[in-house]
Amino acid sequence: VQLQASGGGLVQAGGSLRLSCAASGSTFSGYVMGWFRQDPGKEREFVAAITWNDGTYYADAVKGRFTTSRDNAKNTVYLQMNSLKVEDTASYYCAANPYGGVYSERRYNYWGQGTQVTVSS
């Protein structure tokens, strides 16, 4: 599975961005699709995930502000980010997990390149 993330950018605090992650090369619908983020000098952390049957999971830090969704016909997963905060600044990565379980990055076999999100105050 090849993953291509896009949609990052610079936004003011309180604004919104939508990240997209396009998948190719394998059956997309059977994977758990996750979003992680990493700020320089920090560990990569779980942000959100969506299962093959549209179950969604969120980190406490983003719950109520971020929404993940998937379009299996387009082999694309999305992360809608609203009410952005300065602390959301990071490189965001999408990843595919064929095993189930959503929170551990070790479950994710395939990773896209990061897309930078910068939130200014």
Side-chain angles (χ1 to χ4, degrees):
V1 177
Q2 291 81 47
L3 302 174
Q4 179 75 35
S6 61
L10 174 64
V11 63
Q12 285 192 324
S16 298
L17 282 174
R18 188 174 83 155
L19 305 184
S20 299
C21 177
S24 62
S26 185
T27 303
F28 171 79
S29 60
Y31 288 87
V32 172
M33 299 300 296
W35 292 94
F36 292 77
R37 66 187 182 188
Q38 188 171 25
D39 213 9
K42 296 183 181 178
E43 301 226 339
R44 188 157 55 188
E45 63 178 2
F46 171 81
V47 175
I50 184 166
T51 63
W52 64 273
N53 59 346
D54 290 340
T56 55
Y57 300 82
Y58 299 96
D60 288 343
V62 308
K63 204 170 290 183
R65 300 188 297 121
F66 291 11
T67 303
T68 188
S69 60
R70 66 194 298 162
D71 185 336
N72 288 335
K74 295 183 177 179
N75 278 7
T76 301
V77 63
Y78 304 98
L79 184 67
Q80 177 67 43
M81 306 185 295
N82 298 329
S83 302
L84 281 161
K85 303 177 180 180
V86 171
E87 51 265 42
D88 294 320
T89 295
S91 288
Y92 283 72
Y93 298 85
C94 62
N97 165 6
Y99 303 116
V102 300
Y103 296 108
S104 172
E105 63 178 270
R106 289 175 293 182
R107 291 274 187 171
Y108 292 81
N109 273 9
Y110 307 100
W111 292 81
Q113 89 293 354
T115 185
Q116 179 68 32
V117 172
T118 302
V119 185
S120 63
S121 60

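Being a predicted model, the structure only gives us computed values, none of them experimental.
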- [ ] List the steps, then state whether side chain to side chain contact (heavy atoms under 4.5 Å, CB included) holds for S16 with N82.
- [x] CA-CA 4 Å; S16 298; N82 298 329; 2.9 Å; yes

- prompt: Are D88 and K85 close enough for a salt bridge, meaning some N to O gap below 4.0 Å?
  reply: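 No salt bridge links D88 with K85.
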
Measure from the side-chain N and O atoms of [X] to the backbone N and O of [Y], and report whether any donor-acceptor pair falls under 3.5 Å.
X: T118; Y: T89; result: no
X: D71; Y: K74; result: yes
X: Y57; Y: T51; result: no

Compute the ring centroids of F36 and Y108, then answer whether they are less than 6.0 Å apart.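 F36 vs Y108: aromatic centres under 6.0 Å.
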
Would you say [atom1] of [X] has more than 12 non-hydrogen atoms from neighbouring residues, nucleotides or ligands within 6.0 angstrom?
X: E43; atom1: CD; answer: no
X: W111; atom1: CH2; answer: yes
X: K63; atom1: NZ; answer: yes

For the atom pair [atom1] ([X]) and [atom2] ([Y]), what is the distance rounded to the nearest 0.5 Å?
X: Q38; Y: S91; atom1: CD; atom2: OG; value: 7.5 Å
X: F66; Y: T56; atom1: CZ; atom2: OG1; value: 14.0 Å
X: S69; Y: M33; atom1: OG; atom2: CE; value: 11.5 Å
X: C94; Y: Q113; atom1: SG; atom2: CD; value: 7.0 Å
X: N97; Y: E105; atom1: CG; atom2: CD; value: 11.5 Å
X: T67; Y: Y78; atom1: OG1; atom2: OH; value: 14.0 Å

Quiz item: Taking a hydrophobic cluster as the set of Ile, Leu, Val, Met, Phe, Trp and Tyr residues connected by side-chain heavy atoms closer than 4.5 Å, whether directly or through intermediates, do V119 and Y93 fall within one such cluster?
Solution: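 No, V119 and Y93 fall in different hydrophobic clusters.
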
State, to 0.1 Å, how close [X] and [Y] come at their nearest heavy-atom pair, and which atoms those are.
X: Y110; Y: V1; result: CD2-O, 3.6 Å
X: L79; Y: A48; result: CD1-CB, 4.0 Å
X: T76; Y: S20; result: CG2-CB, 4.3 Å

Residue from N53, N75, N72 passing side chain to side chain contact (heavy atoms under 4.5 Å, CB included) with S29 =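 Between S29 and the candidates, side chain to side chain contact (heavy atoms under 4.5 Å, CB included) is satisfied uniquely by N72.
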
Side chains of N109 and Y99: any donor to acceptor distance under 3.5 Å?
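Yes - a donor-acceptor pair under 3.5 Å links their side chains.
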
Open item on the list: Could you walk me through whether M81 and V47 satisfy the side chain to side chain contact (heavy atoms under 4.5 Å, CB included) test, starting with their C-alpha distance in whole Å, then the side-chain angles of each, then the deciding distance to 0.1 Å, before giving a yes or no?
Closed with: CA-CA 11 Å; M81 306 185 295; V47 175; over 6 Å; no

For this session: Let me see the working for V102 and R107 under side chain to side chain contact (heavy atoms under 4.5 Å, CB included), right down to the final yes or no.
Result: CA-CA 7 Å; V102 300; R107 291 274 187 171; over 6 Å; no

